[in-house]
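Everything on this sheet refers to the single structure shown next.
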Amino acid sequence: MPDANYPREFLRRLKLRLPEMLSTLQRLVLAESPSLEKAPADRCCNLLAAEWRKCGARVERIEQKHRGDQLRVTWGPRKSRATGQFLVLGHYDTVYSSGALSKMPFRVTGGKAYGPGVFDMKAGIVQALFALKTLQETQAPLTRRLEFLWTSDEEIGSDCSRKLIEAEARRSDAVFVLEPSLGPRGLIKTARKGVGEAEIIVHGRASHAGLAPQEGINAIHELARQLTRIQEWNDPRHGVTVNADVIEGGTRVNVIAERARAVLDLRALRIADMRRLERRLHALRPVLPGARLEIRGGFNRMPLERKFSAALFVKAKSLAKQMGLSLGECTAGGGSDGNLTAALGVPTLDGLGAVGHGAHSRDEHILINTMPVRSALLAALLLNS
Ligand SMILES: [Zn+2]
């Protein structure tokens with residue numbers, strides 16, 4: 001088959017398999033997989049491993065002590081012969097605790113499928129599975145080894161999987177992330193903000209608020225001044241946001257507050273802005289005489305800068321066009337594991353997963369007709385990038 005015909009052929013075949021995709025999705029959603037509960041997460045991992053083994057792929061389980069096991073699936077030319085590797089990245093953990101299914105059961109209605117984790121991101125995993133099946137059936141001439149990594153702790157910061165993700169990304173020519181897309185048109189996420197968390201702790205001096213106010217140094221007053229200053233650093237036009245999300249301080253009335261603390265959420269689209277924000281934070285000096293500031297934390301996920309996704313997006317757009325579709329892009333305020341791989345300079349395309357809405361909410365759902373389309377797009381990318 002001429003290369004140019006593959007995307008359309010993938011789509012034709014995948015449309016016929018929608019019922020099968022849906023039943024696989026149902027099984028996957030019924031296997032609840034909360035990030036913080038190892039036993040159920042492992043059961044979901046078993047199911048995934050079995051599905052990928054059925055395809056004849058090499059499946060390797062990377063055991064975890066406290067989280068669900070990670071799954072590495074490989075298909076294609078062996079290392080020595082292959083000219084490189086593509087990494088398909090996703091997570092099977094969800095933000096819902098066990099039992100969420102009783103309140104939000106898996107159901108298909110009005111062209112939508114609902115259930116915990118259906119959009120973020122079990123449908124994405126199913127799309128990847130069927131993309132591989134279709135590549136196999138059509139014997140499309142893959143030039144690279146494909147590696148699929150299904151992790152278990154993305155929703156809680158990827159502490160356990162981060163090293164593995166980074167090691168695999170370093171070996172890869174491109175990374176395709178199956179996080180949900182944005183909006184009903186399924187926008188691809190070509191940029192993501194870097195995300196950080198910082199803490200400002202103010203040390204003052206306690207004193208009787210009535211008898212000896214002059215001997216006290218009010219940590220709350222100091223913190224309030226600092227926060228007013230920090231608020232000015234917000235620059236939404238350039239994607240920089242700073243928010244005090246938690247604040248606490250003092251002990252009781254009649255006592256000048258000795259200590260106060262704020263936790264800040266930091267976001268930036270560019271690494272340069274991120275560094276500037278960190279420098280400014282660490283350069284803060286107290287306003288009140290005698291007060292002392294302690295600054296902790298900073299950015300822990302670098303931004304996914306658009307320059308690392310631009311070329312892949314051009315490719316994805318042209319493949320979508322061959323299937324008669326138009327593909328749009330967007331910038332996401334939240335981070336994903338795609339931030340980790342792009343930070344290594346590896347071309348990364350994120351938001352390739354499901355089309356739907358309501359991630360992390362009772363209304364979480366996907367548009368079922370888009371499943372074959374997204375799956376075909378991924379297959380085409382794995383063949384043609
Ligand atoms: Zn996700």
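Atoms within a ligand are numbered from 1 in the order they appear, just like the ligands themselves. A quick note: this is a predicted structure, and the numbers were derived from the prediction, not measured. For the single chain, residues carry numbers from 1 onward in sequence order. Reckoned from all heavy atoms, side chains included, excluding hydrogens, waters and symmetry mates.
Atom OD1 is the N, O or S atom of Asp120 at the shortest distance from the Zn ion (ligand 1). Distances from the Zn ion (ligand 1) to the N/O/S atoms of Glu179 are shortest for OE1.
A salt bridge does not link Lys163 with Glu166: every distance from a Lys NZ or Arg NE/NH1/NH2 to an Asp or Glu carboxylate oxygen is 4.0 Å or more.
Put simply, Glu154 stays out of reach of the Zn ion (ligand 1), with no N, O or S atom under 2.8 Å from it. For Glu155, every N, O or S atom stays at 2.8 Å or more from the Zn ion (ligand 1).
Across Asp337, Thr151, Asn339, a single residue satisfies side chain to side chain contact (heavy atoms under 4.5 Å, CB included) together with Ser158, and that is Asp337.
Atom CG of Leu89 is separated from atom CD of Glu154 by 8.5 Å, given to the nearest 0.5 angstrom.
Glu258 and His203 share no side-chain donor-acceptor pair at under 3.5 Å.
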